[in-house]
Amino acid sequence: MSRKSFYVTTPVYYVNDVPHIGHSYTTIAADVLTRYHKLCGQDTFFLTGTDEHGTKIQQMAEKKNKSPKEFCDEVVEKFKAAWRNLNIEYDNFIRTTNPRHEDAVKEVLQKLYDDGYIYKGKYEALYCVGCEQFKMRSDLVDGRCPDHKTEPEKRSEECYLFKLSSFQDRLYQLIKSDKFKIMPKERKNEVLSFIKNEGLQDISISRDKAKVYWGIPLPFDASHTTYVWVDAFLNYLTGLGWPQDKNNFEKFWPPTVQLMAKDILRVHATIWVSILMALDIELPQMYFIHGYFTVNGQKMSKSLGNVIDPVALSEKYGADVIRYFMLSEFPFGTDGDFSIKRLEETYNSDLANDFGNLLHRTLPMMDKYCNGVVPEPKEEDLIDEDLKKIAQAVVGSLAGLYEELKFRDILAEIWRLVRRTNKYIDEAAPWAFFKEGNDERLSTVMYNTLESIRIITILTYPFMPETSQKIWEQLGITESLVSQRIPEDVGWGGLKAGTKIKKGEPLFPRIDLNKNNA
Ligand code: MSP
């Protein structure tokens, strides 16, 4: 799937909720991918944003005695602050209340109407306000929405419908053949069996304006507003500046990967893709569906009071620690649990013991043995060869793992090199060479250790941008970290002899687990 540009999207998040750790999970993953693809020299575009129309938001604003727009403006600031705190660097933050987005939605609806994809009819079904979605009987557990535990309302209304059913066969083939790829495989199969067993029915794309006024009016019938999902999907186009910004669109469309959790796969895999087909726009290359986070084994919910605030967390532990933890704890495509206990354990073992220790023993040795100046490597030994081989194997494994979004495996590979480098120091024992006055071996061992740290720092950058930058400064390398390229600059031997190390603040001090078991 190699192409020159890289375009990644997160869903647009509802502003009826403050940003929580679940939203952060998707957004951090998108940020890591973007930073990696930048290091690979690709032009990248990372889009995130907020979904601001619909019944729920209208109701929440009413409760707070605010206009919906006022209410949205406030929550949007919270999302932006959360992303700043977590070192998220998006290219655009799209809001579905942006007038350009609203105009584009109207344009699309008019086109779909003119081309015969939208018609007036009646829709009768069960509707869950919590999900803002009509539900099938098979979606319910004991007659209730499994996510909101409420009984959906029966709704029958005059509305405009989109001819989703007419895309069923094409869609099935596209997904089956991987021309439109859904990963992981189990998720793809889930969608295929849904299409096969339930079939696609035409869907209502409008609401009565008297009931849902907080929405985009249909351009061909102002007594109706646009169904929030149709409005929201179009963010993936308008976020690139479409339809005005043709350059950006040509450069980045279609999305290389759209990230989302399993709760919104079905609507994305059916409605969004069919709208694109109706508009004759190329489909996304891939959806990657990640798992759901529970907290201490329980589903996160406001009523349980266990919603984790990513801002408080990043203030306490540091953004990079959260980023590392979330992506190393369990595979990206499966469900997993979040607990502070595990976070602190992982911090101590992987970050304080392994990575922190590697830095804190190497840099003082450099001062003591080499006056802080990177020496020329000289006499090679077998043990040096082994370190180099592992470094090269780790570097070589990453592209394939990134392609499949195996963040956990990527980190495990990088940590293979971290641990091997620690072991290398133990085995090579540079302190003995220093004592003996064996300059040849001492120089080689110190060079190799630092070279390994240099490579590790480039590789950890997508996951831990702030910390990697600090380490890079300690290494004293004059070229910027972000200008490094994979694979060119992660080959062995890139570190220049003569570079002056700048010892800095210690990174990853150990957490006292007995004191901190909140
Ligand atoms: N607004 C819609 C999406 C429209 S996209 C055209 C929406 N928003 S949401 O705020 O509810 O966010 C849903 C997304 O947040 C999920 O798909 C997932 O990316 C993320 N997560 C929310 N809670 C989560 C967990 N507990 N665990 C993991 N991810 C979760 O749906």
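Start at 1 and go down the list; that is how both ligands and their atoms are numbered. Because only heavy atoms are used, hydrogens play no part in the values below, and waters and symmetry mates are left out as well, while side chains stay in.
- Counting the atoms of ligand 1 from 1 in the order shown, those under 4.0 Å from a heavy atom of Ala232 are 6 (C).
- With hydrogens left out, the protein atom closest to atom 7 (C) of ligand 1 is Tyr14 CE1, 3.5 Å, a heavy atom.
- Of all atoms in ligand 1, listed by their number and element, those nearer than 4.0 Å to a heavy atom of Gly291 are 28 (C).
- Between Phe252 and Phe45, the angle of the ring planes lies from 30° to 60°, which puts this pair in the tilted group.
- If you number the atoms of ligand 1 from 1 as listed, the ones under 4.0 Å from a heavy atom of Thr26 come out as 18 (C), 19 (O), 20 (C).
- Distances below 4.0 Å separate heavy atoms of His23 from the following atoms of ligand 1: 10 (O), 12 (O), 15 (O).
- Of all protein heavy atoms, the one closest to atom 26 (N) of ligand 1 is Phe293 O, 3.3 Å.
- In the vicinity of Asp51, heavy-atom distances shorter than 4.0 Å reach the ligand 1 atoms 1 (N), 2 (C), 4 (C).
- Of all heavy-atom pairs between His53 and Val228, the closest is O-CG2, 3.3 Å.
- The two residues Thr238 and Ala104 come nearest to each other via the heavy atoms CG2-CB, 3.4 Å.
- For ligand 1, the atoms lying closer than 4.0 Å to a non-hydrogen atom of Pro11 are 3 (C), 5 (S), 19 (O).
- Atom CG of Asp280 has 12 or fewer heavy atoms from other residues, nucleotides or ligands within 6.0 Å.
- The 12-atom threshold is not exceeded at NZ of Lys406, counting heavy atoms of other residues, nucleotides or ligands nearer than 6.0 Å.
- In this structure, Lys80 satisfies the cation-pi test against Phe93, with its NZ or CZ atom closer than 6.0 Å to the six-membered ring centre and inside 45 degrees of the ring normal.
- Aromatic ring centroids of Phe330 and Tyr25 lie under 6.0 Å apart.
- The side chain of Met300, and not its backbone, has at least one atom closer than 4.0 Å to an atom of ligand 1 (non-hydrogen atoms only; side chain from C-beta on).
- Residue, atom and distance of the protein heavy atom nearest to atom 31 (O) of ligand 1 are Ile264 CG2, 3.6 Å.
- Shortest contact from atom 5 (S) of ligand 1 to any protein heavy atom: Tyr236 OH, 3.4 Å.
- For the side chain to side chain donor-acceptor pair (under 3.5 Å) with Asn87, the lone residue among Arg323, Gln469, Arg35, Glu466 that qualifies is Glu466.
- Val12 O, 3.3 Å is the protein heavy atom nearest to atom 3 (C) of ligand 1.
- Listed here is the closest heavy atom pair of Thr10 and Gly49: OG1-N, 4.4 Å.
- What sits closest to atom 14 (C) of ligand 1 on the protein, heavy atoms only, is Tyr13 CE2, 3.9 Å.
- Among all protein heavy atoms, the one lying closest to atom 23 (N) of ligand 1 is His20 CE1, 3.3 Å.
- Between Trp229 and Phe233, the angle of the ring planes lies from 30° to 60°, which puts this pair in the tilted group.
- Protein heavy atom nearest atom 13 (C) of ligand 1, with residue, atom name and distance: Asp263 OD2, 4.1 Å.
- By the 4.0 Å heavy-atom criterion, Lys262 is excluded from the residues contacting ligand 1.
- In the model, Thr44 has no side-chain atom that pairs as donor or acceptor with a side-chain atom of Thr34 under 3.5 Å.
- For atom 4 (C) of ligand 1, the nearest non-hydrogen atom from the set Trp272, Phe79, Trp229 belongs to Trp229.
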